[in-house]
Amino acid sequence: MARDTSEEAWAHARRLLDGMSPARIAAAQARFARMDSVGQRRMADLHGGSADALEISPNLWAGVGLVREGAGTALVGSYAEVAERIREYSELGLSEFILSGWPHLEEAWRVGDFVLPLLAAPALVT
């Protein structure tokens, strides 16, 4: 979830979270707890089924895992912040990323139009 500013991106994440009722979160978490998936267990460990403290690392949001099955987090921030996080993960050895968002088409356009060009440009040295 990338936007012009970090504030706009986090506001979008909050809107998504506001759309998740506590009952829906509890039902999803109960279902996930019955799964044998190690990835699912690790996601639960990140957020503990709670909507509090979902930023688990700079610009890394675990909120989607409250109701969505499987291992998944979201990068949230300004276009520059998201590009910088992707660069950092790449430098750590990650070579493939699944960049998705909600709504899918609009987020795909944002990443393509505003994040990918930043990744194609050489990193700025400050």
Side-chain angles (χ1 to χ4, degrees):
M1 290 176 270
R3 298 290 187 274
D4 286 326
T5 68
S6 185
E7 293 78 17
E8 290 174 81
W10 285 107
H12 182 67
R14 279 189 298 281
R15 280 192 299 278
L16 290 177
L17 188 58
D18 289 344
M20 299 177 202
S21 73
R24 183 175 175 214
I25 292 171
Q29 291 300 303
R31 189 174 80 247
F32 300 161
R34 294 188 299 272
M35 296 179 173
D36 293 329
S37 168
V38 172
Q40 191 66 59
R41 188 170 40 253
R42 288 181 179 164
M43 276 305 302
D45 290 345
L46 287 176
H47 53 63
S50 171
D52 300 325
L54 292 170
E55 186 176 6
I56 55 171
S57 187
N59 303 102
L60 190 60
W61 186 62
V64 68
L66 291 171
V67 295
R68 182 184 164 273
E69 186 176 313
T73 53
L75 289 171
V76 178
S78 69
Y79 301 124
E81 289 170 336
V82 169
E84 183 59 28
R85 294 297 84 75
I86 292 171
R87 263 199 194 95
E88 289 173 358
Y89 289 124
S90 179
E91 290 168 2
L92 291 171
L94 279 77
S95 59
E96 296 182 29
F97 300 86
I98 299 172
L99 302 174
S100 180
W102 303 272
H104 294 297
L105 183 59
E106 290 84 349
E107 292 302 318
W109 281 110
R110 287 179 194 282
V111 169
D113 288 347
F114 301 109
V115 176
L116 294 183
L118 295 174
L119 292 170
L124 298 175
V125 178
T126 56

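Atoms considered below: every heavy atom in the structure, side chains included; atoms not considered: hydrogens, waters and symmetry mates.
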Notebook entry, point to check: What heavy-atom pair brings L118 and A83 nearest, and what distance separates the two atoms?
Noted result: CB-CB, 3.8 Å
Notebook entry, point to check: Y89 and L60: which non-hydrogen atoms are nearest, and at how many Å?
Noted result: OH-CD2, 3.5 Å
Next item on the list: Starting from M35, walk the hydrophobic network (Ile, Leu, Val, Met, Phe, Trp, Tyr; side-chain heavy atoms closer than 4.5 Å) and list everyone else you reach, by chain and number.
Entry: F32
Item checked: Nearest-0.5 Å distance, CZ of residue R34 to CD of residue Q40 -> 11.5 Å
Item checked: Closest non-hydrogen atom pair between M1 and V82, with its separation -> O-CG2, 4.5 Å
Item checked: Nearest heavy-atom neighbours spanning G112 and P117 -> O-CD, 3.4 Å
Note to self: Test of understanding: with side-chain contact (heavy atoms from CB on, under 4.5 Å), list the residues that count as partners of R41, not counting sequence neighbours.
What the structure shows: V38, D45
Next item on the list: State plainly whether the residues E107 and R3 are in salt-bridge range, i.e. N to O under 4.0 Å.
Entry: yes
Next item on the list: Please name all residues satisfying ring-ring contact (aromatic ring centres under 6.0 Å, His included) with Y79, sequence neighbours left out, ordered by chain then number.
Entry: F114
Next item on the list: Check A2 against V115 and note the closest heavy-atom contact, atom names and distance.
Entry: CB-CG2, 3.9 Å
Next item on the list: Step by step, work out the side-chain contact (heavy atoms from CB on, under 4.5 Å) result for F97 and V111.
Entry: CA-CA 12 Å; F97 300 86; V111 169; over 6 Å; no
Note to self: Can you confirm whether Q29 sits close enough to H47 that some side-chain heavy atom of one is under 4.5 Å from a side-chain heavy atom of the other?
What the structure shows: yes
